Every structure is written in C-alpha cells, then in structure tokens.
S.K.: 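Quick one: the structure is below, questions incoming.
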4 protein chains.
Amino acid sequence: MHPINSEIRKAPDDDLRRSILVTSRELLVREGYSSLSMRKIARSIGYSATSIYLHFKSKDQLVHALITEGVSVLMKRLRPVFDDVKLNPKELVRRICHEYVKFGMNNPGYYEIMYVLHPETLSRYPEDNYRDARSLIDRLSSVFEKGIESGVVIPSDPRVTANVLWSQMHGVVSLIIAGRFDRALDREVLIQDAVDRAVRSCFVSPEPSLDSI
Amino acid sequence: MHPINSEIRKAPDDDLRRSILVTSRELLVREGYSSLSMRKIARSIGYSATSIYLHFKSKDQLVHALITEGVSVLMKRLRPVFDDVKLNPKELVRRICHEYVKFGMNNPGYYEIMYVLHPETLSRYPEDNYRDARSLIDRLSSVFEKGIESGVVIPSDPRVTANVLWSQMHGVVSLIIAGRFDRALDREVLIQDAVDRAVRSCFVSPEPSLDSI
Amino acid sequence: MHPINSEIRKAPDDDLRRSILVTSRELLVREGYSSLSMRKIARSIGYSATSIYLHFKSKDQLVHALITEGVSVLMKRLRPVFDDVKLNPKELVRRICHEYVKFGMNNPGYYEIMYVLHPETLSRYPEDNYRDARSLIDRLSSVFEKGIESGVVIPSDPRVTANVLWSQMHGVVSLIIAGRFDRALDREVLIQDAVDRAVRSCFVSPEPSLDSI
Amino acid sequence: MHPINSEIRKAPDDDLRRSILVTSRELLVREGYSSLSMRKIARSIGYSATSIYLHFKSKDQLVHALITEGVSVLMKRLRPVFDDVKLNPKELVRRICHEYVKFGMNNPGYYEIMYVLHPETLSRYPEDNYRDARSLIDRLSSVFEKGIESGVVIPSDPRVTANVLWSQMHGVVSLIIAGRFDRALDREVLIQDAVDRAVRSCFVSPEPSLDSI
DNA sequence: TATGAATGAGCGTTCATTCAT
DNA sequence: GATGAATGAACGCTCATTCAT
C-alpha cells in the first residue's frame, strides 16, 4: 500500500495527461457522463482528439484512471485521520465523515465517476482497483468493533454500522452534488446536521446519569 | 369528414406505450442512462424505432413520462401513509422510510431516472412536475414540526431534518441499486439498520428509567 | 380542349381534396418544396396522413395534380385574352404579360411548382400535361407571326420572340416570389417597367417622324 | 506540446474540400436541392459521410460555402467589365449581360443555389455575404444613372432599370438551366435575342435617319 | 370516408477509434 | 509527442407509404 510516486514521472508527458484528467472531471460535472466525449475533452484542452490516445488507450481506460485517481485522493484525505492515534473513536468517526463529505464537495467529478455512475458503465473496471476504497470501510468497521468492545459504540454488527454510515454520507453528498436539495437550505447546515445524526446514531450518548450524581 | 379525435383512444394502443415504458426502465437498470437509445428500446420490444414516436414525441418526452410515472407511483405508496391518522409520528416516519426504500428496490428504473440521473441531462424536465415529489418533503417537514411541538421529535429545523432523513434513505437505496455494498451483507439487515438509525436520530428516545423512578 | 368540369364531382369527397391542394400550396410558399411533407399537409388540415392517400396515390401524384391545376388556372386567365378579337397585337401582348405576372403574384404556390422547381423533381410528370402550357407559347408565337406580317412587330423568329418574352416575365415573377429584389423597390413599378420594356422590345415604335411630316 | 495550428494547412487537405464542393454542385444540378444529402455527396466522391464534417461543420455551412464561392466567381467575371474604362455604357451593359448569362450556363450549380433556391431554405445564410452580389446591382444602377445624364440611356429610375435588366437575364438563365425551353430552339440564339432586347430597351436607339437627313 | 398502427429507408450529426506521418 | 485524415457504427428523428379496420 504505497501512495502514487508521482514525482518519478517524466514531466513533459505528464502535463497533458493531467490536463486531460482535470478537464474530464470538469466536463463530467458540467455536462454529465452521457455527454462526455473524447472530442470534447480534446477541444477543451486545445489538443487533437488523437493526442488523448497517447496517454489513455481508450475512453474506458481514461475513466478507469479517473476512478483510480479519485480513490487515491480520497485515501490521502482519510488515511491520516484513521492513523491519528490521538483521536478517540467518536472524534475519529466525525472527522472521517467530514473529510468524506468535503472530498465530495471539492471533487464532484471524482465523486460522480466513483460512486454515482451506473456500474454497468464501469463494469469493466478491474474490481481490484477498488480494494483501497473498500479497505476504508474495513478500517471503519474495525473502529466500530473496538468501540463496541470499549463500550462507546452502540452494539451492532460493526460492518453493517460502517456501511450504513457510509450510505448516510453518500446520501448527502450525492444529493448536494446533483443539486437536488431545496436551494433555500444551507449546505453547511445540512452537512453538519447529517454528520451529527450519523455520529450520534453510532455512539452511546454521554449519560446524563453522570450529571445527576 | 371528421378530424382526428385523439381522446377517445382505447387499450390496444396503450399496450405498446406500456411496453416502451417498462422496457425503458429495464434498460435503464441494466445498462444505465448513457446507453439508453430509442433504437435499443425498439429492438428490445421487437418494434421499429419509428413506432416509439407514435407514443412519444421525442426521447426527452419519453424520459419525462418515466419521471412523471415514477413520481406518481411513489406518491401512491407514500400518500396513504401520510394520511393514516392512526399513526403516531414515529410510526409514520418509520413507515415512510420503509415505503420509500421499498419503492426504490421495486422500481430501480424509476428511481434512477428520478433521483440518480445527472440533473443536466434532465434540465429540460418541467420543474413543476416535481412539485408532487417536493410536496413529500414538505409533508415530512410538517410531521416533524408538529412532533417538535408535542415534544416527541428532537428540536431542530424541521425542513433540515426532513431533508437529511431523505438523504439517508437515498443513500441506502442508491448504493443498493448500484450494487455498491459488499455482497456479503444482507440487504434487509442494511435497510432495517439504516431506517432504525434514521428514525432514532429524529425522535427523543423513550426514557423509561426516568418515568419508572 | 375543354376546361375541367369540376361541378360534376361529388361534393363531400372534393372538399378534402381541395383542402389538401390549397394547403400544399400554402406550405410550398411558406416553407419551400424541400420541407413539404405529407405529414405536414395532413397536420395543417387536421386530417390523418393516411387520408391524403384517399385522394392522391402518392406525393408525386399530388404534385402533379398541383401542376395540372396550376396550368389550368393559368389557361383560364390567358385564354380569354388570346381570344379577345377586339385587341390589337400590342394590346394583346401587353395584357398577356400582365395576366401572367398577376397569376404568379396571386398563386406563388402554383407558380413555384410549375416553373421554379427543379425539373428532376418533376421529371416523372407526364410531359403531355404541359401541352396546354406550351400551347400558350405557340399562340403567342402566332400573334407575333401575324404581327410581323402586318408590320407592327419587329421582324425576328416569332418563336424566339415569344420564348424570350416569356423568359422576361418569368424573370420578374420568380425574383419577386423569391423575395430577391431590394425591398425598397415598389413591386408594381418593377412589374410595369418590365412589361413596358418587354412589349416595347417587340413592337415597332410609333414613329413620330411620320406624324411630324 | 503545441496546440493545434490550423492555419498552416496545405494542399492535400484542400483536395477533398474541393471535391465536396464540386460534387455538391453537380448533384444540385442533377437532382435538385431537396435531394441533396451529405450521404449522397459522400457516396459520390467515394468517402464516408463523416469525412465531409472534417471540412464543413454542417450542411448549412457547406451550402453557405457554395453560395460564397458562387458569388466570388461571379464577381471575378463581372468586376473587370465594370472596371473597363474603355467601354461605353452600352457596350458595358451588353458585356455584363453576356458574362452573367455565361456564368449561369457554366455554373448551373452555383446559379441554382445562389438565385433559384427557395429563400426560406437559405434564411440562415448571413445576409452580409450577399453584399458583394448586391453591389453589382448598385454598380449597374450607377452606370445607368450616368448614362441618363449623358443622354444615352432612356430616362427612368436607374435602380428600377438595373433590377429589371437583372430579372430579364435571370429569366433566360433560369429557364435554360431548368431545361424549360423548347429543345428545338437554339440556346445561343435565345440568349443573343434576350440580351439584344434587354440592351435595346435601356438605351436610346441611334437614329441614323435624323443624321442622314 | 377516414383512421391508427406500423415500418424501412434515409436524414444530419456525433462517437470512439485507427493509422500514416 | 502530436496531428490530420479517415471511418463504421450509432444516435435522434422524419419521411412516404402500406394495411387492416
């Protein structure tokens, strides 16, 4: 599990590659997957369509690269949180939630292609590349597992808990990205509320009984 | 010599219309929106592409019809629940959640085109037709509003609460439909857990301990 | 050579037939031949496309009917002039010119399909049906022939003269119908001038020198 | 890594472009505008339909290119005549007429798309591109204007005279191209006669009788 | 008399992709 | 490393036409 060694690449070549990926994400957000085309990408970056094939064997592979990149960016954001030994489970989960949502907000292009796009479109994506992403759920599960042991997490199948937590975050992120919420509502308030509820629903509430003593 | 009188249509005609809508939803689920084409729909039902145009003026209109139908089916499921005076708020919300999820499970085609599709694709869909769908959120909000007054719902902006609840359900439904969860997990367990948490996070927990003292 | 006995037709049937022809001409003028379609015609008159086929075997035949009708209308306008024994040659030609132009102005649909449309489109039109139209040129030729004999027409091949006269009138009519002239110019002035020149170029000018002697 | 530099194009590329334009004109003459299709053009030149789009963004643009080319060819023929200071007005007008007709005879494709086509079809053609063509009428007008001042042209509104002259030439050209004249008539004779009449109808006849007395 | 249902052919256009340079 | 030329397949859609009713 080593991060991408992007600094060992040859620079000149990489510039265009980067442009393609960046532009693809922009187009993805702006116009949706159905109208993402090699031509449009090429036009957007001022290169010929053929040039894209110097860096990606096919449209499929380009999309796969986007996913791989997205996963890696997400990992880079979440791993330090998981690794932060100073955090208690509740804080850790809260931070994970916030980072996940922030990732979606900042990278709607990645998010869409990673999690929203119809899986059939992506079925050819080698499942293994999602291993990293799935490992996140595993780490979350084990956080809950330990939390249950130490009594701070409400007992329940930790894998279920982790997946439901994920689904809750995915719910807000995807609806925000798709612009489905009433525009009158404040994004930040929605997010804060969603995270609060999610966390609260996992952890035992600080017992007022202590106060009453 | 009378001109066309199109409103006296009968069943035979509508059969094909139904086939088209049903098949569209199947294709939508199987292959995703980006590869949904008039030709494929036609091929799937064993008709010529031209025939579709006898029932839908354009692909846009077909999609709009799907959305409208989907909304109406969803309404038919949820309205009785909202109107059931015998339900207390908590039961009502729980039932609403379950019905919503069930709708998604039973009608993934409708669900995808209603809630998952990139909005840019559907921007031409007359906003008004979503009014029904949005009214659902409003009804949910007022359930929470009254619940707060009567002390059973944890105080919070009811509209935010309603929207976050929706997002939580959307999260499970969309990830299940997309087949993103670990296949080892039991769907029903996931759903039950998600609904439980959602409901719990809205309503004050019955604290028998206090009462019993 | 008998005119169409349109009053012996059965009425009910004829109404629709008339509507089709009238509407076709309107569409022809408004949108041009390339976008004249059976469907549009049907839609315009509030009938089904199929109904048109009760009266015309094909689009070709409809067009042919339009031509035949157009020719017959033109004949009805010009024949009385040719037959008017009270007119001297010069007056006759002048009147013929004016009637021809008037026909074009009043029936741009007929005119376009009779004289402007690309002949390939019409190649299947039985040449014989143009016999009437061509007979007009013949009659004009013989007017010139006699005029030359009696010394009022400038000597020249009468058939050439007749055809060139026709082409001159066709020039104004077609450019007016196509809206090609500078809009600042007055139609009537253009027409008058064109006819004057045409007539003048055929007939010997009344020589003032004779009078002055 | 340089972006596209399209202005450094060379010949090889332009060959196909020329073929397309030439073939389009041929098809236009042979089958008329209503049946001119990208596919037919492509088939005629032995290329795929897609290839046409490498040179013309749309069918509209192709047609516009044809018009623009046609106008420019016509200009190239007429301008030298207008600019020829050695010509007296009568000779100039006669030469203009002959060149105009010759242009039509040699370029029926251009002529049809420039002057015969139903204007509705071309309404999207930027009016400005016709400026050149319209300037021709203006130059003709001023020839007549000066001619009237110097007494060689029969007094009349010069703009009307110019337009009517144009319509006379258009009459012959369009009927010849459409093959409407009796095939027994000699084209050249018709043209000569038409031009003679046109010129004669504008200029005062040299009255030798007066001089000879 | 009039229609609805249906279709094959064709339209203009865009797509991902290949290949020689 | 980058491009222009080229294409077959597919797209949404309209066309004239047929046929059973």
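Just so you know, these numbers use all the heavy atoms, side chains as well, and skip hydrogens, waters and symmetry mates. In what follows, chains carry the letters A, B, and so on, assigned in the order in which the sequence lines appear, proteins first and then strands, with residues in each chain numbered from 1. Just so it is clear, the model here is predicted, and its values are computed rather than measured.
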S.K.: Can you tell me the distance, in whole Å, between the CG atom of C/L62 and the C1' atom of F/dA16?
M.R.: 12 Å
S.K.: Going from OG1 on A/T23 to CZ on A/R43, what distance comes out if it is rounded to the nearest 0.5 angstrom?
M.R.: 12.5 Å
S.K.: May I ask you to say what B/Y47 touches in the nucleic acid, namely base, sugar-phosphate or nothing, with a heavy-atom cut-off under 4.0 Å?
M.R.: sugar-phosphate
S.K.: Nearest whole angstrom, please: distance from the P of F/dG12 to the CD1 of B/I41.
M.R.: 8 Å
S.K.: May I have the distance from D/K59 (atom NZ) to E/dT13 (atom P), rounded to whole angstrom?
M.R.: 8 Å
S.K.: By nearest heavy atom, map A/Y53 and D/R39 onto DNA chain E; which one lands nearer the 5' end?
M.R.: D/R39
S.K.: Give the C-alpha distance, both sets of side-chain angles, the deciding distance and a yes or no for side chain to side chain contact (heavy atoms under 4.5 Å, CB included) between A/I52 and A/Y47.
M.R.: CA-CA 8 Å; A/I52 299 182; A/Y47 276 76; over 6 Å; no
S.K.: Which residue, D/M38 or B/S48, contacts DNA chain E at a nucleotide closer to its 5' end, judged by nearest heavy atom?
M.R.: B/S48
S.K.: Measure CD/A/Q61 against P/E/dA16 and give the value in whole Å, please.
M.R.: 15 Å
S.K.: Do the side-chain N or O atoms of A/S58 get closer than 4.0 angstrom to the phosphate oxygens (OP1, OP2) of E/dA16?
M.R.: no
S.K.: Nearest 0.5 Å, what's the CG-OG distance between B/L27 and B/S37?
M.R.: 8.0 Å
S.K.: Please say whether the positively charged group of C/K40, taken as NZ for Lys or CZ for Arg, lies over the ring of C/Y33, i.e. under 6.0 angstrom from the six-membered ring centre and within 45 degrees of the axis.
M.R.: no
S.K.: Name the nucleic acid region contacted by C/S51, choosing base, sugar-phosphate or nothing; use a 4.0 angstrom heavy-atom cut-off, strictly under.
M.R.: base
S.K.: Would you indicate what B/L36 reaches in the nucleic acid, counting non-hydrogen atoms under 4.0 angstrom: base, sugar-phosphate, or nothing?
M.R.: sugar-phosphate
S.K.: Pick the closest DNA chain F nucleotide for B/S35 and for C/K57 by heavy atoms, then say which residue is nearer the 5' end.
M.R.: B/S35
S.K.: In whole angstrom, give the distance that lies between atom CZ of B/F56 and atom C1' of E/dA5.
M.R.: 15 Å
S.K.: Over how many whole Å does the gap from C/I20 atom CD1 to E/dT3 atom P extend?
M.R.: 10 Å
S.K.: Write down the distance between CG (B/D14) and C1' (E/dG4), rounded to a whole number of angstrom.
M.R.: 13 Å
S.K.: Quickly work out the D/K40 NZ to E/dA9 P distance and round it to whole Å.
M.R.: 15 Å
S.K.: Could you pull out the closest heavy-atom pair between B/S19 and B/I45, with the gap in Å?
M.R.: O-CG2, 3.9 Å
S.K.: Mind listing the closest non-hydrogen atom pair of B/H118 and A/V29 along with its distance?
M.R.: NE2-O, 3.0 Å
S.K.: Under 3.5 Å for both pairing distances: what stems, at least three Watson-Crick or G-U pairs long, include DNA chain E?
M.R.: E:2-21 with F:2-21
S.K.: Assign each of D/T50 and C/A49 to its nearest nucleotide of DNA chain F by heavy atoms, then name whichever residue's nucleotide is nearer the 5' end.
M.R.: D/T50
S.K.: Looking at B/R17 and B/A65, what are the two nearest heavy atoms and their distance?
M.R.: NH2-CB, 4.3 Å
